[in-house]
Amino acid sequence: MPEFAIVRTVADLRAQVGAWKRSGQRVALVPTMGALHEGHLSLIALAKTRAERVVASVFVNPTQFGPNEDFDAYPRGEARDAELLAGAGCDLMFAPGVAEMYPQGFSTSISVTGVSEPLDGAARPGHFNGVATVVTKLLLQCGPDVAVFGEKDYQQLQVIKRLVRDLDIPVEIIGAPTSRLEDGLARSSRNAYLSETEREVAGRMNLALSEAVRRLKAGESVERVEATGRAALERAGFQRIDYFEVRNADDLSHPGPGTLSGPGRVLAAAVIGKTRLIDNMAVE
Ligand code: AMP
């Protein structure tokens, strides 16, 4: 197996990436919060097709969690993550501590307006500022040629594409398709929170989304599809529905109540027990 290393400081990360670039190798970055699963590993596999070297960051970013969210409970397991990354052919794991990322006196926040405002932006105030800030830092720390993000977090992917364009960060952002379990549930580190009965309810979210895609393609109105989708999640047993919405695919603006004309995306977020799940699907 090729050599695999773990670094914990920005200086060590830069030294290794700099050496690779000087020898003409392209570098890909895959940012994660650890608790890795096959979805993350599919991003590593995609990254390997686009660069000679792959860096994965593992950092549970405190600034993207709200005060009453699951930062403390978020699953962590660095040794297992390192093993999975090495096995997937990743070259370097960047696992900084909180003080390396946010040293005393840290005062800057990146805020992307527009695309980060609806959906998860409305349901989780401050979340996308935390994401935008940490991703900007990771891109500047690593300086990759490409960075890979999952479509599982579709709004996050659009926020990152926007900030990279707006700040002229020289990196290509690549979206990777959502990796799913047998019943269609999107793989997620948070699935580990689900009890057996909750796991069954969780599996119905992707069915509600694919039904919405089918109805939109058949010409049903956005308004009706959203109402039917919300009702389906309620019937399935979700206790709180943050949103079930149809949006324009590129900027996530709302297409209005009539029939969808251009490329769209159906996005949902709902809570079962203590677990908040999100998922989305394309309407091509
Ligand atoms: P996370 O560790 O959950 O912050 O996710 C790290 C990266 O993996 C993000 O770009 C996610 O969109 C992506 N990701 C998470 N789950 C999946 C999945 N099931 N399929 C594809 N990508 C995923």
Side-chain angles (χ1 to χ4, degrees), residues 28-50 54-66 69-71 73-78 80-82 84-85 88 90 93-96 101 115-116 119-120 124 127-139 142 144 146-164 171-194 199 202-203 205-206 209-210 252 265 267-269 275-282:
L29 173 67
V30 180
T32 82
M33 297 205 300
L36 301 180
H37 50 66
E38 275 178 51
H40 297 113
L41 301 184
S42 72
L43 269 51
I44 302 287
L46 179 57
K48 281 173 71 68
T49 68
R50 305 297 297 264
V54 176
V55 178
S57 59
V58 173
F59 179 62
V60 185
N61 175 36
T63 67
Q64 71 188 71
F65 289 80
E69 292 183 356
D70 57 344
F71 175 70
Y74 198 83
R76 290 164 172 88
E78 190 184 285
R80 179 180 169 276
D81 288 343
L84 288 172
L85 289 173
C90 172
M93 167 166 149
F94 176 46
M101 292 298 273
V115 68
S116 75
L119 308 168
D120 265 12
R124 303 181 69 189
H127 169 66
F128 284 122
N129 283 5
V131 169
T133 305
V134 81
V135 170
T136 302
K137 281 174 68 72
L138 289 166
L139 293 173
C142 180
V146 301
V148 184
F149 295 86
E151 288 183 353
K152 155 79 168 41
D153 300 280
Y154 188 79
Q155 188 177 14
Q156 168 176 285
L157 173 63
Q158 303 311 312
V159 168
I160 291 162
K161 282 185 172 168
R162 184 75 256 165
L163 85 85
V164 160
V171 64
E172 184 190 351
I173 301 298
I174 300 171
T178 301
S179 161
R180 297 180 180 279
L181 292 153
E182 305 71 51
D183 65 344
L185 173 65
R187 288 194 163 87
S188 164
S189 306
R190 289 190 169 98
N191 292 349
Y193 299 149
L194 298 169
R199 169 67 186 79
M205 181 181 273
N206 76 91
L209 287 167
S210 45
L252 293 179
R265 203 91 192 175
L267 306 99
T275 311
R276 183 175 185 275
L277 297 175
I278 62 170
D279 197 356
N280 67 87
M281 280 182 199

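Numbering of ligands and ligand atoms starts at 1, following listing order.
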Next item on the list: Could you check atom 21 (C) of ligand 1 against the protein and tell me its nearest heavy-atom contact, residue, atom and distance included?
Entry: P177 O, 3.5 Å
Checklist line | For L43, the ligand 1 atoms whose distance to one of its heavy atoms is below 4.0 Å | finding: 7 (C), 8 (O), 10 (O), 13 (C), 21 (C), 22 (N)
Item checked: Distance filter under 4.0 Å to K152 heavy atoms, resulting ligand 1 atoms -> 16 (N), 17 (C), 18 (C), 23 (C)
Next item on the list: Using distance alone, decide if ligand 1 has a nitrogen or oxygen within less than 3.5 Å of any nitrogen or oxygen in H40.
Entry: yes
Next item on the list: Ignoring hydrogens and angles, tell me if any N or O in the side chain of R76 forms a donor-acceptor pair with the backbone of Y74 under 3.5 Å.
Entry: yes
Check: Sub-3.5 Å donor-acceptor pair from the side chain of K137 to the main-chain atoms of M101, do we have one?
Finding: yes
Margin query: Are any of the N/O atoms on R187, whether in the backbone or the side chain, positioned under 3.5 angstrom from an N/O atom of ligand 1?
Written below: yes
Next item on the list: Please confirm whether H37 comes under 4.0 Å of ligand 1, counting heavy atoms of the residue only.
Entry: yes
Margin query: Checking the side chain of D81 only, and the main-chain atoms of A35 only, is there a donor and an acceptor separated by less than 3.5 Å?
Written below: yes
Notebook entry, point to check: For ligand 1, which atoms, with element, lie under 4.0 Å from some heavy atom of P31?
Noted result: 6 (C), 7 (C)
Margin query: Is a donor from one side chain sitting under 3.5 angstrom from an acceptor on the other, for Y154 and D279?
Written below: no
Check: Between the main-chain N or O of L46 and the side-chain N or O of T49, is there a donor-acceptor pair closer than 3.5 Å?
Finding: yes
Notebook entry, point to check: Looking at atom 4 (O) of ligand 1, what's its closest protein heavy atom, distance included?
Noted result: M33 CG, 3.6 Å
Next item on the list: Give the intermediate values and the outcome of side-chain contact (heavy atoms from CB on, under 4.5 Å) for residues R265 and E151.
Entry: CA-CA 11 Å; R265 203 91 192 175; E151 288 183 353; 3.4 Å; yes
Checklist line | Per-atom contacts, ligand 1 versus F149 - under 4.0 Å to a heavy atom | finding: 10 (O)
Notebook entry, point to check: Tell me, which protein residue and heavy-atom name are nearest atom 11 (C) of ligand 1, and how many Å apart are they?
Noted result: D153 OD2, 3.1 Å
Checklist line | Donor-acceptor contact present, side-chain N191 to main-chain A186, <3.5 Å | finding: yes
Checklist line | Atoms in ligand 1 flagged as close to G150, the criterion being non-hydrogen separation under 4.0 Å | finding: 9 (C), 10 (O), 11 (C), 12 (O), 13 (C), 22 (N)
Notebook entry, point to check: Which atoms of ligand 1 sit under 4.0 Å from any heavy atom of T178?
Noted result: 20 (N), 21 (C)
Check: Under a 4.0 Å N-O cut-off, is there an ion pair linking R190 with D70?
Finding: yes
Margin query: Which residue and atom name correspond to the protein heavy atom nearest atom 20 (N) of ligand 1, and how close is it?
Written below: S179 N, 2.9 Å
Notebook entry, point to check: With the threshold set at 4.0 Å, does a side-chain nitrogen-carboxylate oxygen contact exist between R50 and E172?
Noted result: yes
